[in-house]
There are 2 protein chains.
Amino acid sequence: MDYSPDLDLFARTELFQGTSPEALRFLQASAGRRRLAAGDILLQQGDRTTSLFVVIAGRLRASQMAQDGQQIIIRYIGPGEVAGYAALVGSDTHPGTVTAVDDSHLIGWTSAIVRQIMERYPIVAINALTLLGRRYHEMQIRLRELSTERVERRIGHTLLRLAHQSGRRTARGIEIAFPLSRRDLAEMVGTTLHTVSRTLSAWEERGIVSCGRCRVVLCKPHALVAIADEEEE
Amino acid sequence: MDYSPDLDLFARTELFQGTSPEALRFLQASAGRRRLAAGDILLQQGDRTTSLFVVIAGRLRASQMAQDGQQIIIRYIGPGEVAGYAALVGSDTHPGTVTAVDDSHLIGWTSAIVRQIMERYPIVAINALTLLGRRYHEMQIRLRELSTERVERRIGHTLLRLAHQSGRRTARGIEIAFPLSRRDLAEMVGTTLHTVSRTLSAWEERGIVSCGRCRVVLCKPHALVAIADEEEE
DNA sequence: CGGACTTTTGAAGTAATTCAAGGGGAGTGG
DNA sequence: CCACTCCCCTTGAATTACTTCAAAAGTCCG
């Protein structure tokens, strides 16, 4: 078994940065592994919290559903990031559903072990605070955008964010590096897939983006920035 | 100086629950006090993070502003709650502005001390995680409401939440226990003060609420629940 | 090649904003 | 105590950004 690559990765994740070699060994020893194919569900909204995961490879989507079935996408989770934060904050059920959107590889720990780790190695709890604080801040910004901005601008901001956190340089521009349908984008932005489709079509005509089935490439990111941040008068 | 009442309060706040008497003494010794009149600003968005506060008495409003001046209200903060969470998560600037909406009394610690406390008493970091996790979850729910629900329903949910966290039983019903203008409510809900005004007027006609200048009383909370949660068909 | 899903685009409808104007309450200062 | 001012609130009417409804075309996969 090739443990060392994982051990390497550990030290670089947001959650375990700065932990002692001893702590890393303990984490290593107590970890479980999990592989998911694209479309598989890691955990479901309302389920009892049993584990915390860190993404090694792949990408997942955290979403929230209302009783009436309406769904929104909270965020996408990539390598090095935490999935299933409920175990981190001591919540007994998962607030959302996490689904793999690409084949993914994760490592996980039970809630009890997570608790132990944080008590033994406070740096982990402090790291967790930092990352949760960052997520909270992102949410504030999204909430503000959703409250005050028009759809076109929100789509712009959302695409720029996605490109920033998981863009891949290509010949044609920056490609969002995972399958993202118009519906997905709509559920991130708070609109309908129709409006997203229309907006992307208009942008494609102006050469700003280039899209296909579940694919978006930002050809002129600066033009998108202009749309997203331009002064309103 | 009457230190003991504060010491009493400490142990009951969300952040310091379960801390040892020794820790409480240290907290006590290193704390600063701050009094604010209604309208005073505790800290401003973009300011360097210097301190963390816990509200002893009064109420404050955390808000976020965009470049264009558009503002939203993130949340109201009451006794026992944390204000200025940036110091908790190691962010170097404050993500929002916190303003007193009633005369308030707070205690605070510098960022350096907060860091020390968390390293020495991991329980505090774990408590911080729990409370931030709860706030994050609340944000997810608001984001979902804002994305998927109509204004009337959102106003309903918002009022119910406010009543829950700071409602005061009165003869006429549950009163939101701090000044809350139509504009404030609009900035929480993501709409205009006009729409809020119209909605409240309509509800007042049906006897569901009773409002005045910066005052809202929920006379028939169950009717509001029906509006907020009723199945759509 | 059928079938499921994604995407596009037009047309109609509407919830909510924007525009506009007036009324009222609270505090201030003469 | 009255006049003045500053908010806060209310209510109509016009406008619009976006949704909803509808239908068809494209794309992937077994």
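So that the names make sense, note that chain A is the first sequence line, chain B the second, and so on, each numbered from 1.
Ranking dC9(D), dT17(C), dG26(D) by closeness to the Cys214(B) side chain, first place goes to dC9(D). Between dT8(C), dT20(D), dC9(D), one nucleotide has an atom nearer to the side chain of Thr192(A) than all others, and that is dT20(D). Listed nucleotides dC18(D), dT6(C), dT19(D) differ in distance to Thr195(A); the shortest reach to its side chain belongs to dT19(D).
In this structure, CD of Glu149(B) is placed 15 Å from P of dT19(D), rounded to the nearest angstrom. When rounded to the nearest whole Å, the span between CD1 of Ile155(A) and C1' of dT7(C) equals 14 Å. When rounded to the nearest whole Å, the span between CG of Leu200(B) and P of dC8(D) equals 15 Å. Across the protein-nucleic acid pair, Gln70(A) atom CD and dT19(D) atom C1' stand 12 Å apart, rounded to whole Å. Here the P atom of nucleotide dC28(D) and the CZ atom of Arg215(A) are 11 Å apart, to the nearest Å. For the pair Arg198(B) CZ and dA16(C) P, the interatomic distance rounds to 11 Å; values are reported in whole Å. As rounded to whole Å, 15 Å separates atom C1' of dT17(C) from atom CZ of Arg150(B). One can place CG of Leu193(A) at 11 Å from C1' of dT19(D), the figure rounded to the nearest angstrom.
Considering only side-chain N and O atoms, Ser201(B) lies under 4.0 angstrom from the phosphate OP1 or OP2 of dT11(D). At dC8(D), none of the side-chain N or O atoms of Arg182(B) fall inside 4.0 Å of OP1 or OP2 (strictly under the cut-off). Under 4.0 angstrom from either OP1 or OP2 of dT8(C) there lies at least one side-chain N or O belonging to Ser197(A).
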Candidate pair Arg154(B) and Glu149(B), rule salt bridge (charged side-chain N to carboxylate O under 4.0 Å, His left out), full reasoning: CA-CA 6 Å; Arg154(B) 296 207 306 270; Glu149(B) 292 178 358; over 6 Å; no
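Here Arg183(A) pairs with Glu187(A) in a salt bridge; the nearest charged N to carboxylate O distance falls below 4.0 Å. Ionic pairing of Arg150(A) and Glu145(A) is not present here: no N-O contact between side-chain nitrogen and carboxylate oxygen is shorter than 4.0 angstrom. The pair Arg59(B)-Glu81(B) does not count as a salt bridge, with every side-chain nitrogen at least 4.0 angstrom from each carboxylate oxygen.
Side-chain atoms of His194(A) and base atoms of dT9(C) include a donor and an acceptor less than 3.5 Å apart.
Residue Leu185(A) is tested with Leu193(A), Thr195(A), Leu162(A) for a side chain to side chain contact (heavy atoms under 4.5 Å, CB included); the sole match is Leu162(A).
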